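Convention: sequence-line order gives letters A, B, ...; per-chain numbering from 1. Note that the structure is predicted; figures quoted are calculated from it, not measured. All values below come from the heavy atoms of this structure, side chains included, with hydrogens, waters and symmetry mates left out.
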There are 2 protein chains.
Amino acid sequence: MTQSLKKETHVRNSCTLNKAIADCFEKLTDEELLLFEENHVVLTYKKGETLCKQGSMASHIMYICCGLVKIYMENENNSLILKVLPGGNMIGLTALLEGSNVFKYSAMAYQECKVRLIDINAFKKVISQNSAFAKEVINILCENLIQTQTRFFSYTQKQSYGKLADTLICLSCNIFKCDAFELNLTRKELAELTGLTPESVIRILSKFKADNIIVMDGKTIQIMDMAKLKMISDYG
Amino acid sequence: MTQSLKKETHVRNSCTLNKAIADCFEKLTDEELLLFEENHVVLTYKKGETLCKQGSMASHIMYICCGLVKIYMENENNSLILKVLPGGNMIGLTALLEGSNVFKYSAMAYQECKVRLIDINAFKKVISQNSAFAKEVINILCENLIQTQTRFFSYTQKQSYGKLADTLICLSCNIFKCDAFELNLTRKELAELTGLTPESVIRILSKFKADNIIVMDGKTIQIMDMAKLKMISDYG
DNA sequence: TATAAATATTGATTTACATCACATTTTACA
DNA sequence: TGTAAAATGTGATGTAAATCAATATTTATA
């Protein structure tokens, strides 16, 4: 009951940002928990450090205990942030695909993170023997897929103001869970997150400020008129 | 061995178009096959008919026996084709997500299709009891997720020429498996598939024709210079 | 604390693509 | 088979957002 309520308050729509908490570990037997226990390490990553690099071998599934991580794809020139993950989420599930155990994206710590690295073979083994666990993994993958598709669609439809409004709403509702939050992202990162250039982001933020939709003070952004912001997000 | 070879020849990159064949049914016991047998219907959809509508209840998982289907998201004004699926693929897997048994996208037949509709509860039951089956479903979901992410990234990076080159390569390599193919899509549909306007698609096709990259004769398109097309796709 | 480097901001210019308008061809169907 | 409707094709125009350029501010560090 509480859970379904929780899910309803989560802004899913076109959001970049994940709040889906991995419930799968609750489904494990003591024996399986022990297997994970024996095949894991917990690492701490500092702000700016790389958790995994696109193209490298994925020998582990990563579980973010706490912190904030950006997941992004990159090529020579550009990069696109696929999502931003707070604690409770997993990285590298797509490496479960048979014959493709390579990270398809990179991950970088926005804030200091505690990350649990679980051996991918142990993970696969438990999937093979525990259907309830497998079902939860399926749930997480479905959630990811829906989110990515929805965000893709929204990305193709909306233009700059809508996109940035979207991003601000998601940061506020899904990540910081607060109207006012300290944005420890550079304008460049906010631009990547939104799919715009830093200059455009700055211009739009200024406009939002002039229209009293947000208040900016240093790195702190406070959303004053969420209704208007939602309208901008919906309209385009 | 043959399988890994098959996978290598499949152009994955930024392709709209799926070739991933659902292997999962091979993992079923006789009993489970019987359960599916008792809880399925096979329907034939004519060209242009809707297989499922975004927002409607997903009471079935659909397996495309043969034909060609477009999967797309839509709102009042626009639509984005997420992928094009030939026979061997499944529709509606994301409805497996607990508490979200609604289609997130619509599906329409490009060609006449034979579709097997399997009751979603039977499907979920088998996932719960057969880990090998669940594992295959995980494989398919991973494949879908990787494809969607890659396509999203590519969409944000490439511009019109690269996008259309991409689409043509995928049609040729993954769908029709032939350098020359009869394009039973309108320019409007090709535009939707590529994320451009019909006018732009026409202009670019004319340019490709003028540069001897393709030959067009009525509805038939033949790729004359695949290398050049790949270069355009890679370059942008 | 001074200086360099990175980041943020503002304005001018460019550009890729959409939009619009209209002509032509193909397809549907009465 | 003839006519309307839909699809295709082409040119002119508009525009959102990128790019470019130059300055101001913040942050890093020697």
Can you find a donor-acceptor N/O pair under 3.5 angstrom joining the side chain of R203(A) to the base of dT19(D)?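 Side chain to base: pair present.
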Geometric cation-pi criterion, K163(A) with Y155(A): 6.0 Å, 45°: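 Yes, K163(A) and Y155(A) form such a contact.
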I want to verify a distance call: between [options], whose nearest atom is closest to the [X] side chain?
X	options	answer
R187(A)	dC20(D), dA16(D), dA8(C)	dA8(C)
L196(A)	dA8(C), dA18(D), dT10(C)	dA18(D)
K219(A)	dT19(D), dC17(C), dA8(C)	dA8(C)
I202(B)	dA16(D), dT10(C), dT8(D)	dT8(D)

Phosphate contact ([N] OP1 or OP2) by [X] side-chain N/O below 4.0 Å:
X	N	value
S200(B)	dA18(C)	yes
T197(A)	dA18(D)	yes
T186(B)	dA7(D)	no
S160(A)	dA17(D)	yes
K209(B)	dG9(D)	no
K158(B)	dC17(C)	no

Interatomic distance where [atom1] belongs to [X] and [atom2] belongs to [N] [whole Å]:
X	N	atom1	atom2	value
L190(A)	dT7(C)	CG	C1'	14 Å
E199(A)	dT10(C)	CD	P	12 Å
L205(B)	dT10(D)	CG	P	11 Å
I204(A)	dT10(C)	CD1	P	13 Å
Y155(A)	dA17(D)	OH	C1'	11 Å
L185(A)	dA6(C)	CG	P	20 Å
E189(A)	dA8(C)	CD	P	9 Å
L164(A)	dA17(D)	CG	P	11 Å

Roughly how far, to the nearest 0.5 Å, is CZ of F152(B) from OG1 of T148(B)?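 Here the rounded value is 10.5 Å.
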Going by the side-chain contact (heavy atoms from CB on, under 4.5 Å) test, name the single residue among I214(A), T167(A), D179(A) that passes it with S172(A).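 Of the listed options, the one satisfying the test is D179(A).
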Apply side chain to side chain contact (heavy atoms under 4.5 Å, CB included) to the pair I213(A) and I232(A), showing each step before the final yes or no. CA-CA 10 Å; I213(A) 296 171; I232(A) 293 169; 3.6 Å; yes
Using side-chain hydrogen bond (donor to acceptor under 3.5 Å, both in side chains), reason through N212(B) and K228(B) one step at a time and then give a plain yes or no. CA-CA 10 Å; N212(B) 296 316; K228(B) 218 179 217 169; over 6 Å; no
